[in-house]
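Everything on this sheet refers to the single structure shown next.
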4 protein chains.
Amino acid sequence: MRARHEREREFRRESIIEATEQLLNEKTFESITMDDIAMRSDFSKASIYQYFKNKEELIIAVFARILRTECHLIEERCLLETDPIQAMRNYIKIQFESIHRNPWSPKVIATFPFRDYHAENCLSDLYNQKKKLITGIIQRGQTEGIFIISDLDIFTNMLLSASVGFANYFSTRMSSDIQSPEIEMFISTIIKGITKGEQ
Amino acid sequence: MRARHEREREFRRESIIEATEQLLNEKTFESITMDDIAMRSDFSKASIYQYFKNKEELIIAVFARILRTECHLIEERCLLETDPIQAMRNYIKIQFESIHRNPWSPKVIATFPFRDYHAENCLSDLYNQKKKLITGIIQRGQTEGIFIISDLDIFTNMLLSASVGFANYFSTRMSSDIQSPEIEMFISTIIKGITKGEQ
Amino acid sequence: MRARHEREREFRRESIIEATEQLLNEKTFESITMDDIAMRSDFSKASIYQYFKNKEELIIAVFARILRTECHLIEERCLLETDPIQAMRNYIKIQFESIHRNPWSPKVIATFPFRDYHAENCLSDLYNQKKKLITGIIQRGQTEGIFIISDLDIFTNMLLSASVGFANYFSTRMSSDIQSPEIEMFISTIIKGITKGEQ
Amino acid sequence: MRARHEREREFRRESIIEATEQLLNEKTFESITMDDIAMRSDFSKASIYQYFKNKEELIIAVFARILRTECHLIEERCLLETDPIQAMRNYIKIQFESIHRNPWSPKVIATFPFRDYHAENCLSDLYNQKKKLITGIIQRGQTEGIFIISDLDIFTNMLLSASVGFANYFSTRMSSDIQSPEIEMFISTIIKGITKGEQ
DNA sequence: GATGAATGAGACTTCATTCAT
DNA sequence: AATGAATGAAGTCTCATTCAT
């Protein structure tokens, strides 16, 4: 049957992605060579090209996986949450956890050529999906009169970028304890900043 | 006279730095070659090595210049400002302007090997100097009972990283108009988040 | 089968070594470029780096081969020889022949950084092996009361260096006829110098 | 007066030569850069080219000085000596001392392109002069019936090359004490080898 | 499908030498 | 005469990618 074939192929793709993720914890994507990936994934260099057209497609796959995971988590822990403030708290925490798991991700995104990032590859779709989820949370908060009113798109972008910015900072320089009060402080500041009135 | 020689040398160093900055608006530092820099700066490749020991020293010089400029601006527009809130607003604006001028800077910092960045080269000194200036602003705000109380260092790091994070996002994806209301919104959110009580 | 792969790889390594040896007959190792070697060995420059980590490893391999050959020859033509004088004659001849085949070898050794030569690479081992063989010959001569008595190590070094010194001289400046009477004269002088009494 | 001018120029040439000699004690001639020499000699790199046409001429000057010194010493300590054996002993000692003073000299000669060495530059003249002096010693020894009879030129070359070969070996690997018994052994062996009969 | 081998293109860096002051 | 500056030419090495088995 073709199905098993397909499943095995997918499995091998994943091993390569995982090897790459491991390596990204150790050095820049630019400085990781196909040899490194081959070594780590226990495939030959040439074999990798049977699963990914080139280095770029590989990194895209890596990020797609992360974004997909983030989306799942947001759906699970934010969309079902009735309190918008708590939903927002949860999103920020998810963002932290994600960057905590893959501290290199903001760095790599930062260097990833933008044109491609926003164009033909699946990344932009996933990225928009994630944004849409966050937008949903904000919208609910605004509708319920809890969050301040302002342009939705801008609001979302602001939250996303500030969260990622701080999480990145946090993950590279401070204790990597994800429960630390520093994070709570950031969350509170943001929540305070975006909620109406006294809170 | 020695002095003129010295001045001329410094001037040529600056041209190379400027050429590099220009190129950084077009592509990653990693993907910029010494040939590119030579071409753009109208020096021969070999000449560049008379002014910078290697590519790394060059990028360090580029960043040192940016940090120095930022420090000067903060001193001018924040330290003299008596109102802490206004001082803080000004700092965030300066950060935006800086990233607006050099949109690549967060990206490049992101890929710059961190060990070195925080160690023996002059960058760490400059970076700490900048942090100290911001800490000063916050401290004043806290002393005057305007800003919320919390660990100074964490407070500073949070502000710095969130601002850079958002400014980076802003500069690469939205209209590059520095007067846009989006920025005002970010600033307000942050200010609201860090000031005590009603405001 | 793995074995054939291995053999083929070894064969290709040898071609590169041979190309290098050829070139060494034409110019200094320092002045031979990887391009030269690539050209001569009919590999691409990059390919060479699959067989030798760098230029230094290549030269080490070249010398290892020579030393190995010398050791084999000494074993064959000296150790089996019962007459110590004849054994010694044979060694000196072997040394001449070797330098006659690879006239550049003393020159290259001369410029080769000594630390490495006497340290972690396989060369020092081979070199000591060769010395041990010569020491063996001398020792036998001394035991049998034919050679003069003196410190073994010094004796060995003297013979080695004087032979190499003269062979080098001979090969670079005189007719390269290996049968020439000049060589016979050197051999006689040395033999006369190291044998006891009348001879 | 022109004379002082000339003398000063000669003096500056000598400083550069001396700087080069110093450096040769530390690294290969090929690896010494004109910058090194400039630094060490306290001239600017460009200035050196006013005293030597190029790097090659400089190294030639270095060797010319050494050969000239050797010739002087041979004249002083060998030609005046009436006993040929003692004269020969003295020559070998001079050779040792010379190489002891400039241990790099055989190495550098070894790598020096031979064509030039034997052609238009002054080195060949000096070299021949040195050879002629040694030939003189041998000739006297033969005339007086002390040394064995054989072709003069070959005899000379053999002595020269074997002495240089061993002295080189000695200077790089053993204790650098010039009085050591090892040297005496080499000298005795050679003397024994070239003198007639019982000795 | 898997992989050992091969490589073109290109990066950084060095250095002897010349030029202009 | 002296020298800071400039550079062409060259060298070593790396890497993503393709090919042949």
Side-chain angles (χ1 to χ4, degrees), chain A residues 5 8-9 12 30-38 41-59, chain B residues 1-2 4-6 8-9 11-13 16 29-38 41-58, chain C residues 2 4-6 8-9 11-13 16 30-38 41-58, chain D residues 5 8-9 12 30-38 41-59:
Chain A
H5 218 271
E8 279 178 6
R9 188 179 165 79
R12 283 186 232 118
E30 299 238 305
S31 77
I32 293 173
T33 71
M34 293 307 263
D35 271 299
D36 289 336
I37 297 169
S41 66
D42 263 327
F43 281 87
S44 80
K45 208 182 358 174
S47 293
I48 293 173
Y49 283 86
Q50 295 209 319
Y51 296 95
F52 301 94
K53 217 182 67 196
N54 51 32
K55 213 185 167 194
E56 181 169 335
E57 270 215 352
L58 174 51
I59 193 70
Chain B
M1 206 156 288
R2 266 290 103 72
R4 203 195 59 199
H5 260 290
E6 208 53 49
E8 280 175 4
R9 189 181 167 78
F11 180 73
R12 278 180 243 123
R13 249 183 85 98
I16 296 171
F29 179 65
E30 300 237 303
S31 75
I32 293 173
T33 73
M34 293 308 262
D35 269 302
D36 291 335
I37 298 171
S41 66
D42 261 327
F43 281 88
S44 79
K45 207 181 354 172
S47 291
I48 294 172
Y49 284 87
Q50 287 207 326
Y51 296 95
F52 301 94
K53 219 181 66 197
N54 50 34
K55 214 185 166 194
E56 180 170 337
E57 269 215 354
L58 174 51
Chain C
R2 265 291 103 70
R4 203 196 58 199
H5 260 291
E6 208 53 49
E8 281 176 3
R9 188 182 167 77
F11 181 73
R12 278 181 242 121
R13 249 183 85 98
I16 295 170
E30 299 237 306
S31 75
I32 293 172
T33 72
M34 294 307 263
D35 271 301
D36 290 336
I37 297 170
S41 66
D42 260 327
F43 281 89
S44 78
K45 205 182 357 174
S47 291
I48 294 172
Y49 284 88
Q50 286 207 328
Y51 296 93
F52 301 94
K53 221 181 64 196
N54 50 34
K55 216 186 164 192
E56 181 168 337
E57 270 215 353
L58 174 51
Chain D
H5 218 272
E8 278 178 7
R9 187 179 166 79
R12 281 185 234 119
E30 299 238 306
S31 77
I32 293 173
T33 70
M34 293 306 264
D35 271 300
D36 290 335
I37 297 170
S41 66
D42 263 328
F43 279 87
S44 79
K45 206 179 1 172
S47 292
I48 293 174
Y49 283 85
Q50 296 208 318
Y51 295 96
F52 301 94
K53 215 182 68 197
N54 51 32
K55 213 187 168 193
E56 183 170 334
E57 270 215 353
L58 174 52
I59 193 70

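Every chain is numbered from 1 and lettered A, B, ... according to where its sequence line falls, protein lines coming before strand lines.
Each of S31(B) and E8(C) was matched to the nucleotide of DNA chain E holding its nearest heavy atom; the match closer to the 5' end belongs to E8(C). Toward the 5' end of DNA chain F, the nearer of the two residues I48(B) and T33(C), judged by each one's closest nucleotide, is I48(B). Of the residues near DNA chain F, F43(B) and D36(C), the one whose nearest nucleotide (by heavy atom distance) lies more toward the 5' end is F43(B). With DNA chain E read from its 5' end, the first of the two nearest nucleotides for S44(A) and D35(B) is the one closest to S44(A).
Closest of all the heavy-atom pairs between R9(A) and Q50(A) is NH2-O, 2.8 Å. In plain terms, the two heavy atoms of S44(B) and A38(B) that are nearest each other are C-CB, 3.9 Å.
Note that CZ of F29(B) and CD of E56(B) are 8.0 Å apart. Values are rounded to the nearest 0.5 Å. The distance from atom CD1 of I37(A) to atom NZ of K45(A), rounded to the nearest 0.5 Å, is 11.0 Å. For the atom pair NZ (K55(A)) and CD1 (I48(A)), the distance works out to 11.0 Å, reported to the nearest 0.5 Å. Distance check, rounded to the nearest 0.5 Å: CZ of R12(D) to CG of D42(D) gives 13.5 Å.
When Watson-Crick and G-U wobble pairs are counted only if both distances are under 3.5 Å, dT7(E) pairs with dA16(F). Pair assignment for dA2(F): dT21(E), on the basis of Watson-Crick or G-U wobble contacts that are both within less than 3.5 Å.
Computed from coordinates, the E56(C) CD to dC13(F) P distance equals 9 Å when rounded to whole Å. Atom CZ of F52(D) is separated from atom C1' of dT18(E) by 19 Å (rounded to the nearest Å). Between the CE atom of M34(D) and the C1' atom of dT18(E) there is a distance of 12 Å, given to the nearest Å. Per the geometry, CZ belonging to R9(B) stands 10 Å off P belonging to dG4(F), to the nearest Å. Atom P of nucleotide dT14(E) and atom NZ of K53(B) are separated by 9 Å, given to the nearest angstrom. The interatomic distance linking L58(C) (CG) with dT12(F) (C1') rounds to 13 Å, in whole Å. In this structure, E30(A) places its CD atom 12 Å from P of dC15(F), rounding to the nearest Å. Distance R13(C) CZ to dA5(E) P: 13 Å, rounded to the nearest Å.
Among the heavy atoms of the strands lying under 4.0 Å from Y51(C) are primed sugar atoms or P, OP1, OP2 only; no base atom is included. If you check every strand for non-hydrogen atoms under 4.0 Å, I32(C) touches sugar and phosphate atoms only.
In this structure, the nucleotide among dT14(E), dT7(F), dG4(F) sitting nearest to the side chain of Y49(B) is dT14(E). Taking every side-chain heavy atom of A46(D) into account, dT3(F) is the closest of dC15(E), dA16(E), dT3(F).
Put simply, S47(B) has a side-chain N or O that comes within less than 4.0 Å of OP1 or OP2 on dT7(F). Here Q50(D) reaches the OP1 or OP2 of dA2(F): one of its side-chain N or O atoms lies under 4.0 Å away. Residue R12(A) places no side-chain N or O under 4.0 Å from the OP1 or OP2 atom of dG1(E).
Taking 3.5 Å as the limit, the base of dT17(F) and the side chain of K55(A) contain no donor-acceptor pair of atoms between them. Judged by distance alone with a 3.5 Å cut-off, no donor-acceptor contact links the side chain of K45(C) to the base of dT7(E).
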